[in-house]
Novice: 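The structure's right below; bear with me while I get my questions together.
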Amino acid sequence: MDKYNFAEIENKWQKRWEQEKRFKTVTSTDKPKYYCLEMFPYPSGRIHMGHVRNYTIGDVIARYKMMHGVSVLHPMGWDAFGLPAENAAMNKNVHPSEWTQNNISYMKSQLKRMGFSYDWDRELATCNEDYYKWNQWLFLKFYEKGLAYKQEADVNWCNTCQTVLANEQVVDSCCWRCNTPVRTKRLSQWFFRITAYADNLLADHSLLGNWPERVLSMQKNWIGKSYGCEIDFRLASDTEKIIKAFTTRPDTIFGATYVVLAPQHPLIDELIKGTENEEQIRQFIEQCKVRVALDEEVEKKGMFTGAYAINPVNSEHIPVWIANYVLMGYGSGAIMAVPAHDQRDFEFSKKYDLPIRVVIQPELQQAQTPHCPLSTAFSLQPSDNMTCAYEEEGILTNSGVFNGMGNVDAKGTITKWMDEEKIGRGKINYRLRDWLVSRQRYWGTPIPIIYCESCGIVPVKEDELPIRLPKELDVSGRKTLASFPEFIHTKCPACGRDASRETDTMDTFVDSSWYFARYVSPHDDKQPIDTKQADYFLPVDQYIGGIEHAILHLLYSRFFVKVMADIGLINHKEPFANLLTQGMVIKDGAKMSKSKGNVVDPDDIVNKYGADTVRIFILFAAPPEKDLEWSEQGVEGAWRFLNRVWRIVQQHAAGVRQEIKPENLSVPAKALYSFTHRTIKRVTEDIDVFHFNTAISACMELVNEMYQYKEDDTMGLVVLQEALRNLILMLSPFAPHMCEELWGKIGNSTSILDEPWPTYLPEALQKDSILIVVQINGKARDKITVPVESTEDVIKAEALNAVSDKLSGKEIKKVIVVAGRLVNIVI
RNA sequence: GCGAGGGUGGCGGAGUUGGUAGACGUGCCAGACUUAGGAUCUGGUGGGGCAACCUGUGCGGGUUCGAGUCCCGCCCCUCGCACCA
């Protein structure tokens, strides 16, 4: 018997698949399509186990769909712009382009060694000018539509990366990439107006029913839509000057006892200029800029500006404060403080002895909350020694004509009234900020903009694209495009005079925001996307990747698709119909990482066991969305299983194909026949819902059955061979190389890829007899086997008879018969 | 604090129109084949007990003939957001 020589087999079939272009996408409109996509990797040098897991899952789905005769698009490419290439340039004295290309070619060979079914003819790399040209083209479209704009703003700056970052790329106040604490810096930068799509992004969650709930909830949280009211507080000293404050609680407006500005609020300068406390206040504002350590409760601090604002509903003059607990980045950077009904304001007013005015009374005694003991249930008074704000519902008081109204109703009524009085207006506010896309980097897409002294900001003409990166980079030090005078100097497209180019490049998340759409027509040099192809292939039917992109990449991509639809490039509202977020690969309880020294190199495992074993292990060890603990013993188990399959097929490879007539089979043969078809059913249903671990375990059970099977007459062998044939087909998405080889060994000359997925015969699942569990008082006591057509009475009698010794002298109160399952005798 | 997801053998994990808890794998124990086997095949394996049985799915209640699964109240873990007005 041949030994399972995985190295030879895998090499043989990888070559054959490539030569025969087995995975070339067939665009055929009379067939249903399936677009299976895994998140493309950054070409860091080598693939890691996380990639192997991600791409194995995708490969199983793609191959499974191929066997269903579907036109499958399964492409792969490279997220090839990024900072590590620049660091490599400095540290290893190699051009970012060369370093990236080398990495791509090695990683591509690794992916091929795994046997993944990619259509490599559609490969793309975002650092190639035939890709980033279309980034620039899209940028110009965004600019035309007013969706790209330049603005001076306080932006996030990472000193290590020497560049700015988008809000989404700041994690716990630190750079998402290098973990350096982020500082704010005032710079003029390019933004994408993602906020214009905030509502669409939120509303279209309804189209994403098959996305994991937690991803949707993270995005919802990030977008942060809230309904409220913007209220105008005029300055007492100059009623032309207005502080706009956003609140979700207009019902508490009569309880506003002061106004608070964020330390960065633009009006502050004017308010404090020339006052006696000016210097102190400026010092305080500086202090507020210092970021404190994380998960540390920040103490509320503030200062009185000396100015007063007018509460528009009652003309009261209330003090204007500056405090660190008000954020410039949300709403208008100013709030009305209602200490009686907002815990934060309450704490602040206690600290600085600011007045507290109750404007909502709990309705009944039971409205008391455990956190807010009230001395008298019906009249909440600040003098009651309130220990916290009352944030529950109630009845308005101290609120003029609105007294007695329920506060929930009052929100709308007061908003409407303020609108009529022109002192405020209903407003929807979002937490989402615009996307800062400028980066002070070399290795990225140049922003196609020219600055002219007389014409200002002038977009590059479309036919001038691409604006190429200067290639002759001296790699000895950190460079940006500003280091290349020959790149900067140009002529103004409008007036022809000397002008200079924008030297910032785009955030690399721009690249990955539409690459999935480029795959439908990757070589089109006339347009970014061939709309016809897009109509056929988009949206991606199944997207697979890590949860770490829950907000960043997945939100940006959704935004891009909506813009691309609005400019008529595509006709879809959402990029990814279904999303599978796979868990991490961990070892010894921690994520594999160089610093922890617990990395397992895929190359080593593939060399030792082969790709098929690695694939089986990864799929079997845990369901895809859960974390997977790496286990050498688990890999051994997968290896043993494949060898078991290999041996059983070898033992019974030669044989006859003959029609099976179930009624003529021996009892064991019929049992195996039935088991085979039940396995087909189980495996099919499991793969449909991505339960690869249980699909493989079902195959293992079938193999175990085969080892027990001893029928060696002709029909016995026919049944066994039918089982083997189906087993090989079912395992082929998981362990494709070995299955191709075994497919040949059982007498086929074609590729298994030409074979349809097996279907089970319902009649084969039918049994002559069934097992019935006999319970007494809900506890299993015995089992009986009865003919499948037995009536309830017969089953009941059999059951009572089986446990008669345990029933003697007992009164039977009740007997429950569940068809086909059990009998429960209650005594 | 808010939101989402979890808690089942030594370990990874099965199991929901409520119906034999622990499939499959791993580990461990035993047997077979063998000069030998960390190869392979076979059997056993939640805990307690010689056994009949008892007990067991984070904790406490409840519904039910019957609960890992449904309901109520807790505890713990993971992830995300977090002074968002």
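Proteins get letters first, then strands, A, B, ... in listed order; numbering begins at 1 in each.
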Novice: Expressed in whole Å, how much space separates the C1' atoms belonging to rG56(B) and rU8(B)?
Specialist: 10 Å
Novice: Tell me whether Arg644(A) forms a cation-pi arrangement with Tyr707(A), defined as NZ or CZ under 6.0 Å from the six-membered ring centre and within 45 degrees of its axis.
Specialist: yes
Novice: Scan the side chains in residues 544-557 of chain A for donor-acceptor partners under 3.5 Å anywhere in the protein, sequence neighbours excluded, and list what turns up.
Specialist:
unit_1: His553(A); atom_1: ND1; unit_2: Ser512(A); atom_2: O; d: 3.4
unit_1: His553(A); atom_1: ND1; unit_2: Ser557(A); atom_2: OG; d: 3.3
unit_1: His553(A); atom_1: NE2; unit_2: Tyr543(A); atom_2: OH; d: 2.7
unit_1: Tyr556(A); atom_1: OH; unit_2: Glu168(A); atom_2: OE1; d: 2.9
unit_1: Ser557(A); atom_1: OG; unit_2: His553(A); atom_2: O; d: 2.8

Novice: Please list each protein N or O that sits under 3.5 Å from an N or O in nucleotides 43-50 of chain B, with the distance.
Specialist:
none

Novice: Taking the six-membered ring of Phe348(A) (Phe, Tyr or Trp), confirm whether the NZ or CZ of Lys300(A) is under 6.0 Å from its centre and within 45° of its axis.
Specialist: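 Output no; distance or angle outside limits.
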Novice: For the residue pair Met584(A) and Leu628(A), establish whether any side-chain heavy-atom pair is separated by less than 4.5 Å.
Specialist: no
Novice: Just checking, any donor-acceptor pair under 3.5 angstrom between side chains of Tyr330(A) and Ser226(A)?
Specialist: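 Yes, because at least one side-chain N or O of Tyr330(A) sits under 3.5 Å from a partner of the opposite role on Ser226(A).
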Novice: Under a cut-off of 3.5 Å for both distances of each Watson-Crick or G-U pair, what dot-bracket string does RNA chain B give, using [ ] for crossing pairs and | for inter-strand pairs?
Specialist: (((((((..(((......[....)))((((((.......))))))(((....)))..(((((..]....))))))))))))....
Novice: Can you classify the ring geometry of Tyr609(A) versus Trp639(A) as parallel (below 30°), tilted (30 to 60°) or perpendicular (above 60°)?
Specialist: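 Ring orientation, 0 to 90° scale: perpendicular.
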Novice: Between Glu391(A) and Arg249(A), is the closest basic N to carboxylate O distance under 4.0 Å?
Specialist: no
Novice: Under 4.0 Å, counting only non-hydrogen atoms across every strand here, what does Tyr707(A) touch: a base, just sugar-phosphate, or nothing?
Specialist: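 Contact class for Tyr707(A): sugar-phosphate only.
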Novice: Could you check rG9(B) for me: syn (within 90° of 0) or anti?
Specialist: syn
Novice: How does protein contact run along nucleotides 14-25 of chain B, one letter per nucleotide 5' to 3', with B for base contact, S for sugar-phosphate only, - for none, heavy atoms under 4.0 Å?
Specialist: S----BB--BBS
Novice: Who pairs with Lys796(A) by salt bridge (charged side-chain N to carboxylate O under 4.0 Å, His left out), at least two apart in sequence or on another chain?
Specialist: none
Novice: Would you classify Ser631(A) as touching base, sugar-phosphate or nothing, given that sugar-phosphate means primed atoms plus P, OP1 and OP2, and contacts are heavy atoms under 4.0 Å?
Specialist: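 If one applies the 4.0 Å heavy-atom cut-off, Ser631(A) turns out to touch nothing in the nucleic acid.
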Novice: Quick one: Asn324(A) CG to rA85(B) C1', roughly how many Å, whole number?
Specialist: 14 Å
Novice: Indicate, yes or no, whether a donor-acceptor pair under 3.5 Å links the base of rC83(B) to the side chain of Lys300(A).
Specialist: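 Checked by distance alone, the answer is yes.
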Novice: Under a plain distance cut-off of 3.5 Å, with no hydrogens placed, do Thr184(A) and Asp154(A) share a side-chain donor-acceptor pair?
Specialist: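 Judged by distance alone, the side chains do not pair up.
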Novice: From the options rA4(B), rA85(B), rG80(B), select the nucleotide whose nearest atom is closest to the side chain of Tyr330(A).
Specialist: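 Among the listed nucleotides, the one closest to the side chain of Tyr330(A) is rA85(B).
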Novice: Is the closest side-chain donor-acceptor distance between Asn221(A) and Arg431(A) under 3.5 Å?
Specialist: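 No donor-acceptor contact under 3.5 Å links the two side chains.
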Novice: Under 4.0 angstrom, heavy atoms only, what part of the nucleic acid is Asp345(A) near: base, sugar-phosphate, or nothing?
Specialist: nothing
Novice: With a 4.0 Å cut-off on heavy atoms, is Val338(A) in touch with a base, just the backbone sugar-phosphate, or nothing at all?
Specialist: nothing
Novice: Does Glu629(A) reach a base, just sugar-phosphate, or nothing at all? Heavy atoms under 4.0 Å.
Specialist: nothing
Novice: Answer yes when Arg678(A) and Glu705(A) have at least one side-chain N-carboxylate O distance shorter than 4.0 Å, and no when they do not.
Specialist: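 Salt bridge flag = no for Glu705(A) with Arg678(A).
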Novice: At a cut-off of 3.5 Å, list every protein nitrogen or oxygen paired with a nitrogen or oxygen from nucleotides 52-57 of chain B, distance to 0.1 Å.
Specialist:
unit_1: rC54(B); atom_1: OP1; unit_2: Arg781(A); atom_2: NH2; d: 3.4
unit_1: rC54(B); atom_1: OP2; unit_2: Arg781(A); atom_2: NH2; d: 2.9
unit_1: rU55(B); atom_1: OP2; unit_2: Lys779(A); atom_2: NZ; d: 3.2

Novice: What is the distance from CG of Leu216(A) to P of rC81(B), rounded to the nearest Å?
Specialist: 16 Å
